[in-house]
Protein chains: 2
Amino acid sequence: MVASAAELVRRNGIAGTGFRDVVEHSGTPRGSISHHFPGGKRQMVSEAVRLSGAHAATIMSHAEQDGPAAALAEICNVFRRSLVATDYAAGCPVGAVAQEGWREPELREAASEVFDEWRRILRGLMRERGWSEERAEDMADLAVCAFEGALLMCRIDRSTAPLDHVEHLLGPMLEAG
Amino acid sequence: MVASAAELVRRNGIAGTGFRDVVEHSGTPRGSISHHFPGGKRQMVSEAVRLSGAHAATIMSHAEQDGPAAALAEICNVFRRSLVATDYAAGCPVGAVAQEGWREPELREAASEVFDEWRRILRGLMRERGWSEERAEDMADLAVCAFEGALLMCRIDRSTAPLDHVEHLLGPMLEAG
DNA sequence: GTCTATACGAAGATAGAC
DNA sequence: GTCTATCTTCGTATAGAC
């Protein structure tokens, strides 16, 4: 059910995703919403963001023995496939929450923790490549910003070009300390 | 009225911005909505995006005699001031539409044209610095992606650091061809 | 636990008076 | 042109039956 929520939010946004859609998409019983999510929609979206964020972090970590550029390439590949497979409907659920749900402290907190983890992973990989702590932090910021922005722009362009460009330009930069 | 819509959309998103809020914010008469916007909310948001996009393009163009890094710095400065002045409520209206309104062809088209103009401006400035057409295109993509992503992240972090990092890391890259 | 029905509020669109 | 009132839709939350 949380996975369904994440999938719908990344496509239609928070406001565009109702409980109705989630129960339909997940096939779960309609009457158990308030039982599983006493915190209402906020709680559901919050859990969806954390789930997606952890999933992405796992993907990046899988490539961590190959360095920061490989980690970036890996996560770009996964999202690029999603974009193409859904005809550019599937963006990033964390970005959606960052745009629509930042006023809700619970959602802002969830998105914040996800972004922090992503940056922490990239920072660690760059440190291993000899970057200074400060430069690694700045570059990790740039990488996550560019990644999130690229997902936005790919949907508008109906093309994976922005994501491709980010990956190919930023990858080498992350390697050279 | 369009300016009010743009201001409200960049803060609260499309779904979070009702006609009610717009007439209140702009002080315009409530009964003339459908007269000025026969196309409904879509039309209003579409015009708001184009207005904001053109405004940002003008800002970048003001610094164009000083090169691409100066243009980037100028637009970053303007949005950084907005972020701080509104306690991180004011993001980018074009980004909001890219996230929430991409399904509406009219809105997607408007956002697409705005992004294209921004990239065209940066590409032109980089060409003057001796970049090849292809590299200039890729770097312009990266710059706009990073800028949009930074505005997202600044709100979540409640800090201008992501935007600062993007500006300081990307600026020099745009200069050196 | 799961389900149905409903209350409550919000928002967009529309019609008609002045 | 401007305004008020209303219609309709939709989504969340809640209460109560099985």
Side-chain angles (χ1 to χ4, degrees), chain A residues 1-51 89 91 93 96-111, chain B residues 1-51 89 91 93 96-111:
Chain A
M1 200 160 180
V2 175
S4 281
E7 182 62 26
L8 290 173
V9 165
R10 76 190 289 211
R11 292 180 191 228
N12 307 323
I14 299 177
T17 302
F19 279 124
R20 191 199 185 98
D21 309 306
V22 176
V23 295
E24 214 167 281
H25 184 274
S26 63
T28 43
R30 175 162 172 62
S32 49
I33 294 174
S34 53
H35 185 260
H36 289 303
F37 302 104
K41 190 175 185 176
R42 261 185 304 280
Q43 183 187 354
M44 182 180 69
V45 175
S46 168
E47 291 185 18
V49 165
R50 290 178 198 275
L51 178 71
V97 168
Q99 187 69 255
E100 289 185 74
W102 60 275
R103 277 191 192 279
E104 304 276 2
E106 187 176 349
L107 297 184
R108 198 194 68 83
E109 185 67 23
Chain B
M1 199 160 179
V2 175
S4 281
E7 181 62 26
L8 290 173
V9 165
R10 76 189 289 212
R11 293 180 189 226
N12 307 323
I14 299 176
T17 301
F19 279 124
R20 189 198 188 98
D21 310 305
V22 176
V23 294
E24 214 167 282
H25 184 273
S26 63
T28 42
R30 172 162 174 65
S32 49
I33 294 174
S34 54
H35 184 259
H36 291 302
F37 302 104
K41 192 175 185 176
R42 261 185 303 281
Q43 183 185 354
M44 183 180 68
V45 175
S46 167
E47 290 185 20
V49 166
R50 289 178 200 275
L51 178 69
V97 169
Q99 187 70 255
E100 289 183 74
W102 60 274
R103 279 192 190 276
E104 303 276 0
E106 189 175 348
L107 297 184
R108 197 193 69 83
E109 185 67 23

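Quick note on labels: first sequence line is chain A, next is B, and so on, each numbered from 1.
The side chain of A:H35 sits closest to C:dG1 out of C:dG1, C:dT4, C:dA11. When distances are taken from the side chain of B:K41 to each of D:dG1, C:dT2, C:dG12, the shortest belongs to C:dG12.
When atom types are taken as modelled, the side chain of A:E100 and the backbone of A:A15 share a donor-acceptor pair closer than 3.5 angstrom. Without hydrogens or angle criteria, B:S46 side chain to B:R42 main chain gives no donor-acceptor distance under 3.5 Å. A donor-acceptor contact shorter than 3.5 Å is absent between the side chain of A:N12 and the backbone of A:V9.
The CZ atom of A:R30 sits 16 Å away from the C1' atom of C:dG1 (whole-angstrom rounding). D:dT2 atom P lies 15 Å from atom CZ of B:F19, rounded to whole Å. One interatomic measurement links the two molecules: CZ of B:F37 to P of C:dG12, which rounds to 13 Å at whole-angstrom precision. Atom C1' of nucleotide C:dT6 and atom CZ of A:R20 are separated by 15 Å, given to the nearest angstrom. Distance CD (A:Q43) to C1' (D:dT12): 14 Å, rounded to an integer number of Å. Rounded to a whole Å, the CE atom of B:M1 is 13 Å from the C1' atom of D:dG1. Atom CE of A:M44 and atom P of D:dT12 are 7 Å apart (whole Å). Taking atom CD1 on B:I33 and atom P on C:dG12, their separation rounds to 9 Å, with Å as the unit.
In this structure, B:H36 does not reach the D:dG1 phosphate: none of its side-chain N or O atoms is under 4.0 Å from OP1 or OP2.
Under a cut-off of 6.0 angstrom, the local environment of CZ in A:R103 is crowded, with over 12 non-hydrogen atoms contributed by other residues, nucleotides or ligands.
Residue contacts for B:T28: at a heavy-atom cut-off of 4.0 Å it reaches no nucleic acid atom on any strand shown.
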